[in-house]
Amino acid sequence: MSEQSNRSSLEVRTGNHAIKGLVIHLAGFALGFLGIGLVLGGVIDTESGITILVPFADMLYGLGLVIVVATAARIGLPMKYLVVAGAVIGIGFFYKSAPHEIHIASGTGFGLIHPAHIMIGTILITISVAALAVMAIRYNRSKGFG
């Protein structure tokens, strides 16, 4: 009986880690999206206060992503969901991180300017992380631990 309650407690805590990871990721998303969007939109310059937070926002963004993916794997979410989420996250990183010339040369630039590619990549990653967190929580509950 003690072993079962230990396992149940571990699984519930693991489900809570997915929520915490998602909150950390969304906080990084909000700070980064706001800072980068305002700079690229020409509203503020790079020496303003909010842009100092962008590296911190990127750290939160990446940390939240890692926590959610690790939690989903720890819960035992089927590999097919992790692979699909990883593919969408990879496409998001391509748009968020690659130079604009690579977007154009690959034929996937869609005639957009580079700031639009950055925003598309950021949104793709966040949608995938949120979906992965929700699936991990639902999968955890369906196993009877939530």
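One is the number of the first residue; the rest follow in order along the sequence.
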For [X] and [Y], work out which heavy atoms get closest and say how close.
X	Y	result
Ala18	Ile137	CB-CG1, 4.0 Å
Ala85	Ser128	O-OG, 3.1 Å
Gly21	Ile67	CA-CG2, 3.6 Å

Spatial distance of atom [atom1] ([X]) from atom [atom2] ([Y]) [nearest 0.5 Å]:
X	Y	atom1	atom2	answer
Asp58	Phe29	CG	CZ	12.0 Å
Leu22	Ile19	CG	CD1	8.5 Å
Leu63	His25	CG	NE2	11.0 Å
Ile113	Met119	CD1	CE	9.5 Å

Flag yes if [X] and [Y] sit in one hydrophobic cluster, no otherwise; membership is Ile, Leu, Val, Met, Phe, Trp, Tyr, and two members link when side-chain heavy atoms are under 4.5 Å apart.
X	Y	result
Met135	Val68	yes
Leu34	Phe56	yes
Phe110	Ile123	no
Phe33	Ile118	yes
Leu60	Leu53	yes

Any idea how Tyr95 and His117 line up, ring-wise: parallel (<30°), tilted (30 to 60°), or perpendicular (>60°)? tilted
Is there a side-chain contact between [X] and [Y] in this structure, where contact means two heavy atoms from C-beta onward sitting under 4.5 Å apart?
X	Y	answer
Leu112	Ile120	yes
Leu65	Phe93	yes
Met59	Leu31	no

Just by distance, do the side chain of Ser97 and the backbone of Phe94 share a donor-acceptor pair under 3.5 Å? no
Considering the options Ile24, Ile125, Leu26, which one meets the side chain to side chain contact (heavy atoms under 4.5 Å, CB included) requirement together with Tyr61? Ile125
Residues that Ala72 engages under side-chain contact (heavy atoms from CB on, under 4.5 Å), provided they are two or more places apart: Leu77, Leu82, Leu132, Ala136
